[in-house]
Student: 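My questions will all concern the structure given below.
Just follow the structure's listing: the first ligand is 1, and inside any ligand the first atom is 1. Every value quoted in this text rests on a predicted model; they were computed, and no experiment measured them.
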Amino acid sequence: MTETDYLVLGSGIAGLSFALRAAPHGRVTIVTKRAAEESNTQYAQGGVAAVLSTEDSLGAHIADTLNVGEGLCHEEIVRLACAEGPRLVRELAERFGVGFDRADDGDFALAREGGHSARRVVHARDTTGREIERALLVAVRADERITILTDHMAIDLLTMQKFGGGEGCFGAYVLDQRTMEVKTLVARAVVLATGGAGKVYLYTTNPDVATGDGVAMAYRAGARVANLEFFQFHPTCLYESRAKSFLISEALRGEGGVLVTRSGETFMERYHPMKSLAPRDVVARAIDDVLKKSGDDSVFLDMTHLDGAFLVDRFPAIYQRCLQFGIDMRTQPIPVVPAAHYSCGGVVTDECGRTDLRNLYAIGEVAMTGLHGACRLASNSLLEGLVFGARAAEDARRAVAVQPPVLPTWYSGGATDSAEAVVVTQNWDEIRRLMWNYVGIVRTDKRLERARRRIELIREEIREYYWNFKVTGDLLELRNLALVGHLIIESARRRHESRGLHYTLDYPHKDEHWAKDTILRRGDGPAPA
Ligand code: SIN
């Protein structure tokens with residue numbers, strides 16, 4: 001058994017922000033599945049939304065967030081996140097040396113993205129997340145009170161409910177993926193900062209690590225999860241089979257990029273007055289509609305009317321990546337399709353990142369704070385990680401450790417290494433395909449019911465496999481993905497309306513009766529038929 005004060009699962013913006021603030025108050029151990037950089041934060045292109053210009057206002061940021069969230073945002077959380085953002089963004093630049101782009105007068109250069117009524121997105125060219133991750137990791141690595149365990153994956157949370165009687169979380173079983181040893185890590189406070197679950201869908205902008213681990217672990221431990229039907233599809237992922245999951249940032253549309261069909265016709269004016277800069281759910285559905293009607297494989301993002309030198313300077317990574325595939329964005333429209341991008345739902349938390357379980361926190365994409373409601377405003381995600389990483393660290397200082405009971409060491413049974421790895425790949429592919437086809441941008445009762453039946457069979461097979469063979473990282477991720485898929489389906493089945501990111505042909509309108517969160521807790525029973 002290894003003891004620490006704060007056990008942080010995940011190494012994106014939320015986990016690292018927490019760790020740096022918690023370190024003065026105790027030992028911090030960060031557990032991360034691959035290299036420390038490998039997180040959704042690393043791939044975030046757009047930036048952080050915060051009011052940093054005199055031409056903008058806090059009221060406008062709040063109003064835009066509420067507007068895009070379609071009636072399900074928790075207003076007090078929105079106010080708090082928008083208000084605390086500017087100070088924390090400045091701190092990123094001044095204390096941690098994040099190299100945000102600057103205007104000629106030295107102020108932050110601000111970009112515009114979908115759903116925003118003003119320019120308010122601070123950025124570092126088109127690789128903002130990578131720059132933030134770099135700077136925070138430099139600080140974390142320089143702090144000897146913080147230990148990073150790379151290639152380690154949490155299996156399950158240790159709770160008093162499960163092991164001692166009483167309440168509270170006191171650690172996690174963690175798999176060292178290099179030695180395949182299972183370690184018991186005990187802590188005063190445990191922090192889920194595990195990011196999203198994009199890999200539950202066949203096409204996603206997310207990296208391989210985004211397998212919904214935190215939501216799955218929290219649900220298994222008895223915490224409430226909510227609003228998982230609101231999975232955000234980013235409208236513009238590069239359509240090129242050799243480019244794995246490459247995002248084409250919304251900031252391109254913020255600079256004047258226009259969505260067009262194969263024949264060069266604009267179409268967004270038929271769907272929303274904000275045209276190509278409409279909220280993401282609207283743009284993704286519009287593209288889906290155009291593709292279904294035309295039979296085309298992709299639509300196109302046209303930047304060719306903008307200055308070529310400006311494009312190369314402002315979007316160097318996107319320019320280079322497109323060029324690798326023979327697309328020169330200065331002269332050719334970029335082929336794009338929607339792809340799964342962000343989970344607006346997650347583990348239910350309060351304004352300090354506290355979950356239902358004492359001493360268990362959830363911060364960043366894994367959490368459902370109420371900031372995003374039924375659809376997230378662009379670039380409010382890094383903001384959420386920053387704000388709630390800081391707030392949770394402040395709160396966790398006061399966490400009083402529960403006395404851990406005598407624990408059984410991890411039991412791997414008589415299980416031998418499996419030569420049946422094909423079960424994992426087969427189920428992994430099947431889940432992602434069925435989620436894409438049946439639980440995607442446009443849903444129906446019938447498709448959801450098909451998905452429900454299939455995922456139950458797959459989960460049964462995974463359960464059997466899980467208990468019969470030694471755990472591996474792949475198996476743990478599959479088990480989590482299958483559970484998260486099940487929770488998304490159950491949440492979608494419960495919402496009998498269309499709102500924000502949840503659109504179903506059977507209930508195509510918004511209905512005030514459903515203006516509430518969809519909450520699931522283990523043991524609360526299946527969704528109604
Ligand atoms: C983007 O750059 O388009 C992504 C920003 C976000 O997801 O908020």
Student: Can you confirm whether the side chains of Glu37 and Tyr43 place a donor and an acceptor under 3.5 Å from each other?
Tutor: no
Student: Which of the numbered atoms in ligand 1 are under 4.0 angstrom from any heavy atom belonging to Ala378?
Tutor: 8 (O)
Student: Report the residue from Met303, Arg125, Gln45 that forms a side chain to side chain contact (heavy atoms under 4.5 Å, CB included) with Ile318.
Tutor: Gln45
Student: Taking only heavy atoms of His341, which atoms of ligand 1 are found under 4.0 Å from at least one of them?
Tutor: 4 (C), 6 (C), 7 (O)
Student: So, Glu131 and Arg134, do they make that salt bridge, N to O below 4.0 Å?
Tutor: yes
Student: For the 3.5 Å polar cut-off, considering only N or O atoms, please tell me whether Gly46 and ligand 1 meet it.
Tutor: yes
Student: Identify, by atom number and element, the atoms of ligand 1 in contact range of Ser379, meaning under 4.0 Å from any of its heavy atoms.
Tutor: 6 (C), 8 (O)
Student: Only heavy atoms of Glu250, strictly under 4.0 Å: list the atoms of ligand 1 that pass.
Tutor: 1 (C), 2 (O), 3 (O)
Student: Mind checking whether Pro335 and Ile327 have side chains closer than 4.5 Å, heavy atoms only?
Tutor: yes
Student: Within ligand 1, which atoms have a heavy atom of Ser249 less than 4.0 Å away?
Tutor: 1 (C), 2 (O), 3 (O)
Student: When you compare the side chains of Asn480 and Thr211, does any donor N or O come within less than 3.5 Å of an acceptor on the partner?
Tutor: no
Student: State whether Arg95 and Glu91 are salt-bridged, where the test is any N-O pair (Lys NZ or Arg NE/NH1/NH2 against Asp/Glu carboxylate O) under 4.0 Å.
Tutor: yes
Student: Which one of Glu113, Arg376, Arg280 has a non-hydrogen atom at the shortest distance from atom 4 (C) of ligand 1?
Tutor: Arg280
Student: If we set the cut-off at 4.0 Å for heavy atoms, which region of Gln232 has an atom near ligand 1: side chain, backbone, both, or neither?
Tutor: neither
Student: If you take all heavy atoms of Ile287 and Leu259, which pair is closest and at what distance?
Tutor: CD1-CD1, 4.2 Å
Student: If you count the atoms of ligand 1 from 1 in the order shown, which ones are under 4.0 Å from a heavy atom of His234?
Tutor: 1 (C), 3 (O), 4 (C)
